Structures are given as C-alpha cells and as structure tokens.
Amino acid sequence: MAEESSSFFERVYEVVKEIPHGKVTTYGAIAKHLGTTRSSRMVGWALNNCHTLEDMIPAHRVVNRLGVLSGAAHFGTPTLMQELLENEGHIIEENQIKNFKEALWIPPYSEHD
DNA sequence: AAGCTGACTATGG
DNA sequence: GCCATAGCCAGCT
C-alpha cells in the first residue's frame with residue numbers, strides 16, 4: 001500500500017474505530033500502537049478533528065490513562081461522553097470510569113502489519 | 001517559515 | 001497523595 005500513512009491522524013481514527021463496543025482505551029495505548037508513545041497528545045488532537053470525518057469515530061471510548069473522561073468537554077454536551085459510556089455498560093463517577101481496568105482494551109500490534 | 005497549541009504522560013516537590 | 005512543571009510531536013495559524 002503506497003499511502004499507508006496519509007497522516008498521523010488517520011492512523012488514530014483507524015485504531016479508535018477498532019475499539020470494540022463496551023470497551024475503552026487510552027491515548028497512550030493508541031499512541032503506543034502507532035509507535036509514537038510520546039505523541040499521546042496528538043491522539044487527542046486527532047480526535048478533535050474526528051468531527052471533520054465522514055466516518056463515525058467512537059471518541060467517547062478514548063480516555064486518559066487514569067480512565068478519566070478528559071475529552072468530555074469536546075462533545076456536544078459535557079455529559080454526552082459519560083452517557084455514551086454508561087450506555088455501553090461502564091460505570092462512570094466523577095468523570096472517571098470505575099471499571100476502567102476491566103473495560104480497558106489495548107489495540108493489537110500485529111494487526112496493521 | 002516559525003511559533004503556538006493541545007481530549008497526554010512522567011517526574012518532582 | 002495532590003499540585004506544578006517539563007517533555008513530547010504533529011497539525012494549525
């Protein structure tokens with residue numbers, strides 16, 4: 001594939017879309033999957049552009065390493081992200097996923113290669 | 001072209 | 001254990 005890396009952002013979108021329903025992941029996990037662990041900030045930045053995509057990006061399944069809905073403020077409503085996660089069976093309190101470690105899902109590495 | 005930004009993470013006090 | 005600071009990198013102005 002000649003254009004495997006159109007942009008760093010698209011890499012993020014692909015991974016986020018791979019997140020199974022009822023699961024969540026962290027920015028660091030995605031960044032690590034992309035091979036750019038230190039670009040964890042870019043992951044969030046990429047999701048910021050998700051609204052420009054025609055594809056639906058389950059950005060609500062992406063939280064920070066503490067399981068906190070750090071990006072909830074970027075949704076239509078500050079509670080939308082929480083409601084979406086609760087709808088998937090997660091337990092959210094204080095903007096933090098209680099069953100975070102149970103719901104945590106790490107993207108596989110041998111999938112893109 | 002150069003500097004700022006940012007949905008993070010790690011480290012130090 | 002919580003708050004402050006630094007490092008990070010890639011897109012945006």
Side-chain angles (χ1 to χ4, degrees):
Chain A
M1 314 342 174
E3 55 204 324
E4 64 283 284
S5 56
S6 306
S7 57
F8 181 90
F9 282 33
E10 294 191 15
R11 290 298 187 85
V12 179
Y13 307 141
E14 291 300 302
V15 179
V16 174
K17 286 191 296 187
E18 291 295 306
I19 303 175
H21 183 272
K23 287 289 186 176
V24 295
T25 191
T26 70
Y27 303 97
I30 297 172
K32 188 176 182 180
H33 168 75
L34 299 175
T36 53
T37 317
R38 294 170 158 120
S39 315
S40 46
R41 311 174 88 187
M42 299 286 80
V43 178
W45 196 282
L47 293 179
N48 205 1
N49 280 255
C50 76
H51 71 96
T52 66
L53 304 179
E54 300 175 17
D55 301 301
M56 183 273 173
I57 306 297
H60 59 274
R61 295 182 188 151
V62 186
V63 296
N64 69 356
R65 72 176 186 90
L66 301 176
V68 178
L69 286 51
S70 48
H74 289 252
F75 285 76
T77 59
T79 54
L80 177 59
M81 186 176 185
Q82 176 174 335
E83 291 179 52
L84 287 169
L85 290 170
E86 290 180 324
N87 188 31
E88 301 199 357
H90 301 297
I91 309 300
I92 316 295
E93 187 161 306
E94 301 283 307
N95 244 29
Q96 181 179 20
I97 302 179
K98 291 306 172 182
N99 59 331
F100 173 60
K101 57 178 171 67
E102 300 175 46
L104 180 59
W105 172 85
I106 304 298
Y109 291 85
S110 309
E111 187 169 303
H112 212 281
D113 245 316

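Remember, it's a predicted structure, so these values are computed and weren't measured experimentally. In what follows, every heavy atom counts, from backbone to side chain, and hydrogens, waters and symmetry copies are set aside.
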Colleague: Does some side-chain heavy atom of A:His60 sit less than 4.5 Å from a side-chain heavy atom of A:Leu80?
Modeller: no
Colleague: Starting at atom CD of A:Gln96, determine the distance to atom P of C:dG1, rounded to an integer number of angstrom.
Modeller: 13 Å
Colleague: Is any side-chain heavy atom of A:Arg61 less than 4.5 Å from a side-chain heavy atom of A:Thr25?
Modeller: no
Colleague: CZ of A:Phe9 versus C1' of C:dC9: gap in Å, rounded?
Modeller: 10 Å
Colleague: What one-letter contact string describes nucleotides 7-13 of chain B from 5' to 3', where B marks a base within less than 4.0 Å of any protein heavy atom, S marks contact via sugar-phosphate atoms alone, and - marks no contact?
Modeller: BBSS---
Colleague: So, for A:Phe75 and A:Leu84, which heavy atoms are closest and what is the spacing to 0.1 Å?
Modeller: CE2-CD1, 4.4 Å
Colleague: Just how far is it from atom CG of A:Leu66 to atom CG of A:Asn95, taken to the nearest 0.5 Å?
Modeller: 12.0 Å
Colleague: Looking at A:Phe8 and A:Met42, what are the two nearest heavy atoms and their distance?
Modeller: CE2-CB, 3.4 Å
